[in-house]
Amino acid sequence: MEKVLGSEAVLLSLIEEGQDTIFGYPGGAVIPLYDRLYLKQDKIHHILARHEQAAVHEAQAYAQITGKPGVCIVTSGPGATNAITGIVNANMDSVPLVVITGQVGSGFLGTDAFQETDVFGLSMPIAKWSAQITRAEDIADTMAKAFYIAVSGRPGVVVLEITKDALTSETYFSYKKAPVLRSYAPYPEINQEEIAHAAEMINASERPLVLIGHGVLIARAEKAVAEFVEKAGIPFGMTLMGLTSLPSNHPLCIGMLGMHGSYASNMLTNKADLIIAIGMRFSDRVTGKLNGYAKNAKVIHIEIDKSEIDKNVQTDLSVHADLKTALSFLTPMVEKKNHKQWRAEFDKYYQMEYQQVIQKDLHSDNPLIQPGEPVDIISQKTQGNAIVVTDVGQNQMVAARYYGFKLPGTFLTSGGLGTMGFGLPAAVGAAIAQRKLPVILFTGDGGFQMNEQELGTIIQEKIPVKIVILNNSVLGMVRQWQNMFNNKRYSQTDLINPDFVTLASAYGIKAQKVEYRHQLNEAIDEMLNFNGPYLLDIVVDKDMKVMPFIAPGSAVDEMKLS
């Protein structure tokens, strides 16, 4: 074993875990770590974000695209507290991250020293696991535990707070990956009786409906799910985070579930006689009013996190298992069917939605551009083969509804926390993770301004992100609710925005503003064909509403088309 500084032990641990790209922002408490990083630049590429929250979002997107845990380094005090939003965001969406924060020397803990914050205490309720390291000799073992916990079972965020003296002290370094942790069993054993019972229920069902959640993408189980639904002939809907698990144009796909999902998937939930939920958590945005949800259906829930089973929706049968493993046993047991008559009912509801909503959103005679139009045009021009990133709000919903996804794992958005400002840094992380597919960000003018400083990261790293601002000069989703529920009292939702083209130009980024529909095609072509980052500022209708819509407190089959 070689004797090294604690700071070098951190970097050697990252290298042992196969980490060659990390995100962060330096500060006083982590200067020793950044000093050692200077000597390891041939093995670890550090992305300098312009804000700690953005650094965590970038690491999250990188993790989602690569399948490896993302790594982020921030300093103590405000560096760590700035990272909190990103930590909560990634943990709620079950994305594996290891976030390393600095801390004052161990002798100063509890003294309110300069830039001291109890990161360990702050992060315990919002992360999958947290640890405070005060000795250099504990670094390697704790790092190994961190990576194992982050990726195993239901993934999540691990926060490591390392005191400055632990980074500057010496220790002997050795590393053992994937340690055995007492009382931590992330992979439950398959119960064959549960699988057999599930198959019986599915085979007896006349109106089954499959709900696909983010767990399918996390488990890389897209193929297993496709084989299951295709053999059983069961229509499926996808949650917002489950989108791209299967292609949007799959013949069994009935669209997105939930508050702004497809009319068919929501209206017919209460006509189903069996719900098969796969890797999803029955979020309130999916269920609407719980006592009005799936009233006529038995419920099978396949889920790796036992705490999610029976938490919101009571199941008739739960399968606590890794879903890829569960489906490998279940699919051979289900009968081959097509459920033709049941599937035809979804087509009727789709036609209603098309005539009353989709046609208006994509083929409007309104002189103002509707937000769905550029999404639809970009979808056609990229043929569904792009990584789409969104911010939060109306831009998020129209992108989810109108981009025709073909490839798994190509939609990145903030689901559980709904974090405005997620979009731009997430697009940065996605582009750093790969350069094969174009990365297209759909964002609102409000959300864009929350982390617009990451334009600096884009130019420093030479990232060819395509940024589409759907600019309505208002906080669109909040304004929509004010219109629908607050008698049009538009309190503090009007924005006076900067000139986004000039702003982008200040960073050396090519940009263009589009105000009229006839400009759209040419402007989008120029953006997509441009070799480098590009910002397209598209002025859209501020009075547009994202429909259909399930109002708060309503049941899924009370969804409104207008």
> What do you reckon, is CE of Met124 surrounded by more than 12 foreign heavy atoms closer than 6.0 Å?
Replying inline: no

> Nearest 0.5 Å, what's the OG1-CD1 distance between Thr315 and Ile309?
Replying inline: 7.0 Å

Could you list the donor-acceptor pairs under 3.5 angstrom formed between side-chain atoms of residues 212-229 and any protein atom two or more places apart in sequence or on another chain?
unit_1, atom_1, unit_2, atom_2, d
His214, ND1, Asp93, O, 3.0
Arg220, NH1, Leu217, O, 3.1

> Which residue pairs pass the side chain to side chain donor-acceptor pair (under 3.5 Å) test with at least one member in residues 178-192, sequence neighbours excluded?
Replying inline: Lys128-Tyr184, Ser152-Tyr184

> Once the angle between the rings of Phe405 and Tyr403 is folded into 0 to 90°, is it parallel (under 30°), tilted (30 to 60°) or perpendicular (over 60°)?
Replying inline: tilted

> How far does CD1 of Ile87 sit from CG of Leu97, to the nearest 0.5 angstrom?
Replying inline: 8.5 Å

> Just by distance, do the side chain of Lys145 and the backbone of Leu181 share a donor-acceptor pair under 3.5 Å?
Replying inline: no

>> For the backbone of Asn203 and the side chain of Lys337, can you confirm whether one donor and one acceptor N or O come within less than 3.5 Å of each other?
In response: yes

> With sequence neighbours excluded, what pairs up with Gln380 under the side-chain hydrogen bond (donor to acceptor under 3.5 Å, both in side chains) test?
Replying inline: Asp376

> To the nearest 0.5 Å, what is the distance between OG1 (Thr142) and CD (Gln132)?
Replying inline: 11.0 Å

In residues 266-273, what donor-acceptor pairs under 3.5 Å come from side-chain atoms, sequence neighbours left out?
unit_1, atom_1, unit_2, atom_2, d
Asn266, OD1, Gly258, N, 3.2
Asn266, ND2, Gly258, O, 3.1
Asn266, ND2, Ser262, O, 2.9
Thr269, OG1, Ser265, O, 2.6
Asn270, OD1, Ala294, N, 2.6
Asn270, ND2, Gly292, O, 2.9
Asn270, ND2, Asp557, OD1, 3.4
Asn270, ND2, Asp557, OD2, 3.0
Asp273, OD1, Ser205, OG, 2.5
Asp273, OD1, Arg207, N, 3.1
Asp273, OD2, Glu206, N, 2.9
Asp273, OD2, Arg207, N, 3.2

>> Please report the interatomic distance CD1(Ile190) to NE2(His320), rounded to the nearest 0.5 Å.
In response: 10.0 Å

> Do the rings of Phe485 and Trp481 sit parallel, tilted or perpendicular, given the 30° and 60° boundaries?
Replying inline: perpendicular

> Could you give all pairs that pass the ring pair (Phe, Tyr, Trp, His ring centres under 6.0 Å) test and reach residues 413-434, with sequence neighbours left out?
Replying inline: His57-Phe422

> Taking everything shown except Arg343 itself, do over 12 heavy atoms lie less than 6.0 Å from its CZ?
Replying inline: yes

> Would you say Lys560's side chain and Ala551's backbone share a donor-acceptor pair under 3.5 angstrom?
Replying inline: no

>> Under 4.0 Å between a side-chain nitrogen and a carboxylate oxygen: does that hold for Lys298 and Asp316?
In response: no

> Is the number of heavy atoms from other residues, nucleotides or ligands under 6.0 Å of Lys68 NZ greater than 12?
Replying inline: yes

> Are there more than 12 heavy atoms of other residues, nucleotides or ligands under 6.0 Å from atom NZ of Lys311?
Replying inline: yes

>> According to ring pair (Phe, Tyr, Trp, His ring centres under 6.0 Å), does anything in residues 232-276 pair up with another residue at least two apart or in another chain? List the pairs.
In response: Phe236-His250, His260-Phe549, Tyr263-Tyr349

